[in-house]
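Structure first, then comments.
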Amino acid sequence: MSALWYIENVDMYTLLCPHKFAEYSKNHNFKRFGKEDVVYWEEDAASSIYLIAEGKVKIVVYGENGEERIKAILGKGELFGEMALFGAEKRRECAVAIDTNTVLCPMSAETMNNLMRDYKDFALGIRKLIGWKLQKIERRMEILLFKDAETRLREFIKDLASESGQKRGETVIIKHIYTQQNIADLIGLARPTLNQLFNDLRSQGALDFKRGEICIKKRQMFAV
DNA sequence: GCATTAAAGAGAG
DNA sequence: CTCTCTTTAATGC
């Protein structure tokens, strides 16, 4: 992976919140959301881009029977609604806050385009963020094509490790934002199945886990 | 091999 | 304490 794509442990929110630029700071405009609060629906006018300052947001689409399919779960420093930048007029997905204290930093497509024109570093940062998100979603689609549940989980953990794992000798510690329900949704499993897989992997000595953290015991078992 | 359901335990606010 | 998340078992496709 080239260095350009990889922004390690940088708080992209602090870096990119457009309101830190003088001419926009007077409009600083946070929006606070609670659990299950909708940021936008499908078909809503796509006028703004959102940067996540705090909390989590799920991006969902709905199937024919109204069942929800989770496209992505995004956390602090990530961005969504970016199609507004490319001239989209309507949302093609729904964005819902899933943390009790989710804070978003909205900005109009116009403001964003002006900033990207005036500040090269900012523009580069935003492009990286969009590219990173695209890559993440594409990668997850690949994972869903793997046959069995265990392979999908192992691949998911592998990706998490290369995104944010801290290597210490043979072990890799991964702090993450997902609940088991979130992970199950993302890789197409029932939650109890996921839980059982985690327990299996733990009893094999492959990893350990607790809320918000996965600790890989033997790196080679996940090829990281 | 995995989903669904249910019931109960553990942790966070 | 209450709500959310996790664990575990039973049952069925």
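Naming: A, B, ... by sequence-line order, numbering from 1 per chain.
- Contacts of A:Gly212 with the nucleic acid, taken as non-hydrogen atoms under 4.0 Å apart, are absent.
- Between A:Leu194 atom CG and C:dT8 atom C1' there is a gap of 14 Å when expressed in whole angstrom units.
- Per the geometry, CD belonging to A:Gln180 stands 5 Å off P belonging to C:dT6, to the nearest Å.
- Atom CD in A:Glu78 sits 6.5 Å away from atom CD1 in A:Ile177 (nearest 0.5 Å).
- Centroid-to-centroid, the aromatic rings of A:Tyr50 and A:Phe33 stay 6.0 Å apart or farther.
- Remark: P of C:dC3 and CG of A:Asn101 are 19 Å apart, rounded to the nearest angstrom.
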Test salt bridge (Lys or Arg N to Asp or Glu O under 4.0 Å) applied to A:Arg91 and A:Glu42, step by step | CA-CA 5 Å; A:Arg91 305 295 186 189; A:Glu42 277 181 74; over 6 Å; no

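- Rounded to a whole Å, the CG atom of A:Leu201 is 13 Å from the P atom of C:dT7.
- The existence of a salt bridge linking A:Glu43 and A:Lys90 is confirmed by a sub-4.0 Å separation between a basic side-chain nitrogen and an acidic carboxylate oxygen.
- One can place NZ of A:Lys35 at 14 Å from C1' of C:dT2, the figure rounded to the nearest angstrom.
- Going from atom CD1 of A:Ile187 over to atom P of B:dC2 covers 11 Å, rounded to whole Å.
- One finds a salt bridge joining A:Arg139 and A:Glu155 here, because a Lys/Arg side-chain nitrogen approaches an Asp/Glu carboxylate oxygen to under 4.0 Å.
- Within the model, atoms CZ of A:Arg32 and OG1 of A:Thr102 stand 9.5 Å from one another, a figure rounded to the nearest 0.5 Å.
- The phosphate of C:dT7 has neither OP1 nor OP2 within less than 4.0 Å of any side-chain N or O from A:Lys210.
- For A:Arg140 (side chain) and A:Leu186 (main-chain N/O), a donor-acceptor pair under 3.5 Å exists by modelled atom type.
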Please step through side chain to side chain donor-acceptor pair (under 3.5 Å) for the pair A:Gln196 and A:Asp200, ending with a clear verdict.
-> CA-CA 6 Å; A:Gln196 190 161 328; A:Asp200 290 350; 4.9 Å; no

Starting at the 5' end of nucleotides 4-13 of chain B, put B wherever the base has a protein heavy atom under 4.0 Å, S where only the sugar-phosphate does, and a dash everywhere else.
-> BB-----S--

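- Whole-Å rounding puts the A:Arg202 CZ to C:dT6 P distance at 12 Å.
- The CD-P distance, from A:Glu150 to B:dC2, rounds to 9 Å in whole Å.
- Distances shown here put a side-chain N or O of A:Asn195 below 4.0 Å from the OP1 or OP2 atom of C:dT7.
- Among the atoms of the strands shown, none is found under 4.0 Å from any heavy atom of A:Tyr178.
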For DNA chain B, what dot-bracket results from Watson-Crick or G-U pairs at under 3.5 Å, with [ ] for crossers and | for inter-strand partners?
-> |||||||||||||

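- Classification of the A:Trp41-A:Tyr62 ring pair by plane angle, with boundaries at 30° and 60°, yields tilted.
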